[in-house]
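Below you'll find the structure, written out as structure tokens, and then a few comments.
Bear in mind the structure is a predicted one, so any value in this text is a computation, not a measurement.
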Amino acid sequence: MITAHPGLPEFDYIRPTTLEEASNFLAQHPGEARAFIGGTDTFVRMRDGAWQDKYLVDVKGLPGMNDLTFIPAVGLRVGAAVNMNRLIASPEVKEHYPLLAEAAHTVASYQLRTRATIAGNICNASPAGDTIGAGLVYDAKIHVHGVEGDRVEALRAFFKGPGKTVLKPGDIVTAVEYPRPPQGAQGKYIKLGRNAIGDLAIVGVTAFGYPDRTSSGYRFLVVLASVAPTPLLIDMTLLSEKPLTPELIDEAAHVAMNSVKPIDDVRGSARYRSLMVRNMTRNALTEVWKKLGR
Ligand SMILES: Cc1cc2nc3c(=O)[nH]c(=O)nc-3n(C[C@H](O)[C@H](O)[C@H](O)COP(=O)(O)OP(=O)(O)OC[C@H]3O[C@@H](n4cnc5c(N)ncnc54)[C@H](O)[C@@H]3O)c2cc1C
């Protein structure tokens with residue numbers, strides 16, 4: 001008999017009390033122990049049989065994991081266990097990192113966001129992760145505790161492929177740090193899903209711009225989700241080289257479209273995705289340009 005949704009397999013639930021204990025346990029059981037926080041990816045993959053870990057290591061109670069702090073001179077530090085609803089509701093996030101709040105708000109439903117975390121979204125390394133684009137344009141840093149101590153990884157060098165990151169056995173992400181955005185920066189996240197809530201992106205476009213001493217007076221960044229093995233940061237230098245016009249934005253949208261090699265899957269064909277990259281990039285950049293005071 002085939003069971004469409006089998007129950008969870010058996011596993012041992014491990015709840016370490018220190019980062020050292022957690023890292024050592026994970027390092028001693030490579031391939032059979034997994035750290036988790038919200039569990040919104042982990043338990044689904046376990047239930048579906050895609051992941052078969054013997055040990056699930058609950059790291060959300062570890063020191064510092066629930067801290068959410070904003071220091072004007074430094075930036076925003078989001079402890080790995082801070083759930084997305086708490087992040088979205090933070091006045092500092094709303095004021096200084098509205099793009100991050102906007103992107104987090106597109107993740108599934110309110111109920112799911114009471115569990116889902118930014119760190120989990122990043123560590124899951126899905127090319128469709130909705131909050132990753134904001135992290136990439138803000139140039140986020142990932143704080144990691146490993147068996148050799150603490151270190152910091154750049155988000156821009158974090159992803160190695162679908163589900164693959166630079167993390168090694170024993171590594172635990174403790175926080176995601178977002179530097180203070182450039183003065184006057186504006187952003188927009190546009191997500192195309194099959195329905196308004198609860199679906200992964202068929203295509204996601206993050207656009208970000210800020211005033212700078214360039215020929216156009218601005219610098220722009222674009223990140224594309226769900227159209228490559230990892231989220232793609234696209235070079236938008238052409239938008240700095242001459243005065244901005246709708247035609248130049250259109251050209252940038254074509255550059256974005258020509259940078260992707262999407263696949264066909266249940267959520268959309270490769271051709272549809274490419275065309276949506278063009279249209280959504282044009283719309284997102286135009287929106288950012290408007291916010292910058294076009
Ligand atoms: C119904 C449903 C709808 C969803 N919709 C969306 C959506 O619209 N957009 C979207 O982007 N995602 C969506 N997701 C996926 C998921 O909710 C997000 O990726 C979420 O942010 C994961 O966070 P988490 O804390 O639950 O991660 P977990 O499940 O706890 O962990 C995810 C992965 O990260 C690793 N990990 C977690 N924490 C750490 C850590 N501290 N150190 C090292 N590794 C760690 C785990 O080992 C695991 O591999 C959906 C999931 C479900 C079930």
Side-chain angles (χ1 to χ4, degrees), residues 34-45 50-51 76 78 80-85 87-88 93 97 99-109 112-144 153-167 171 173 175-178 187-195 197-208 221-234 256 260 262-263 265-268 273 276-277 280-281 284:
R34 174 181 298 277
F36 80 98
I37 306 183
T40 61
D41 281 308
T42 302
F43 288 108
V44 174
R45 304 303 294 273
W51 292 352
L76 178 75
V78 183
V82 171
N83 72 45
M84 292 200 192
N85 283 336
L87 179 95
I88 294 165
V93 174
Y97 303 86
L99 177 63
L100 181 62
E102 182 186 18
H105 198 261
T106 70
V107 173
S109 57
L112 190 112
R113 294 193 297 269
T114 60
R115 304 295 300 181
T117 61
I118 299 286
N121 201 228
I122 291 171
C123 292
N124 194 51
S126 160
D130 282 312
T131 68
I132 295 172
L136 289 170
V137 299
Y138 286 135
D139 199 11
K141 305 291 178 240
I142 309 297
H143 289 255
V144 181
E153 300 278 359
L155 184 63
R156 289 183 184 171
F158 194 71
F159 301 108
K160 296 287 168 203
K164 294 198 174 69
T165 69
V166 297
L167 294 180
D171 283 350
V173 169
V176 183
E177 190 174 309
Y178 299 86
K188 179 74 194 164
Y189 181 59
I190 303 183
K191 173 179 179 178
L192 176 68
R194 288 172 302 184
N195 52 44
I197 57 158
D199 195 24
L200 293 177
I202 300 171
V203 173
V205 176
T206 307
F208 184 70
L221 297 166
V222 163
V223 177
L224 304 174
S226 265
V227 286
T230 62
L232 267 191
L233 182 60
I234 304 288
V260 303
I263 53 165
D265 73 8
V266 287
R267 296 201 302 280
R273 283 193 157 100
M276 289 302 110
V277 165
M280 291 163 63
T281 302

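- Of all heavy-atom pairs spanning Val205 and Met280, the tightest one is CG2-CB, 3.7 Å.
- Take Asn83 and apply the side-chain hydrogen bond (donor to acceptor under 3.5 Å, both in side chains) test, not counting sequence neighbours, and it matches no residue.
- With rounding to the nearest 0.5 angstrom, the CG atom of Leu112 is 9.0 Å from the CG atom of Asn85.
- The line from CD1 of Ile122 to CG of Leu167 is 10.5 Å long, rounded to the nearest 0.5 Å.
- For Thr165 against Cys123, the heavy-atom pair with the smallest separation is CG2-O, 3.9 Å.
- Across all non-hydrogen atoms, the minimal contact from Ile263 to Arg273 is O-NH1, 2.9 Å.
- Among all heavy-atom pairs drawn from Thr42 and Trp51, the shortest one is CA-CZ3, 3.5 Å.
- The CG atom of Leu233 sits 9.5 Å away from atom CG of Leu155, with the distance rounded to the nearest 0.5 Å.
- Taking CZ of Arg115 as the reference point, atom OG1 of Thr40 lies at 9.0 Å (rounded to 0.5 Å).
- Of all the heavy atoms in Ile202 and Arg267, the pair that sits closest is CD1-O, 3.3 Å.
- Nearest heavy atoms, Thr281 versus Ala256: OG1-CB, 3.7 Å.
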For a quick test of your reading: what N or O donor-acceptor pairs under 3.5 Å do the side chains of residues 127-142 make, sequence neighbours left out?
unit_1, atom_1, unit_2, atom_2, d
Asp130, OD1, Tyr189, OH, 2.4
Asp130, OD2, Lys191, NZ, 2.7
Thr131, OG1, Asn121, OD1, 2.6
Tyr138, OH, Leu99, N, 3.4
Asp139, OD1, Lys141, NZ, 3.1
Asp139, OD2, Lys141, NZ, 3.3
Lys141, NZ, Asp139, O, 3.4

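- For the pair Ser226 (side chain) and Ala201 (backbone), a donor-acceptor distance under 3.5 Å is present.
- Counting heavy atoms from C-beta outward, Ile118 and Val82 have side chains that stay 4.5 Å or more apart.
- For the pair Tyr178 (side chain) and Tyr97 (backbone), a donor-acceptor distance under 3.5 Å is absent.
- With respect to the salt-bridge test (charged N to carboxylate O, under 4.0 angstrom), the residues Arg34 and Asp41 do not qualify.
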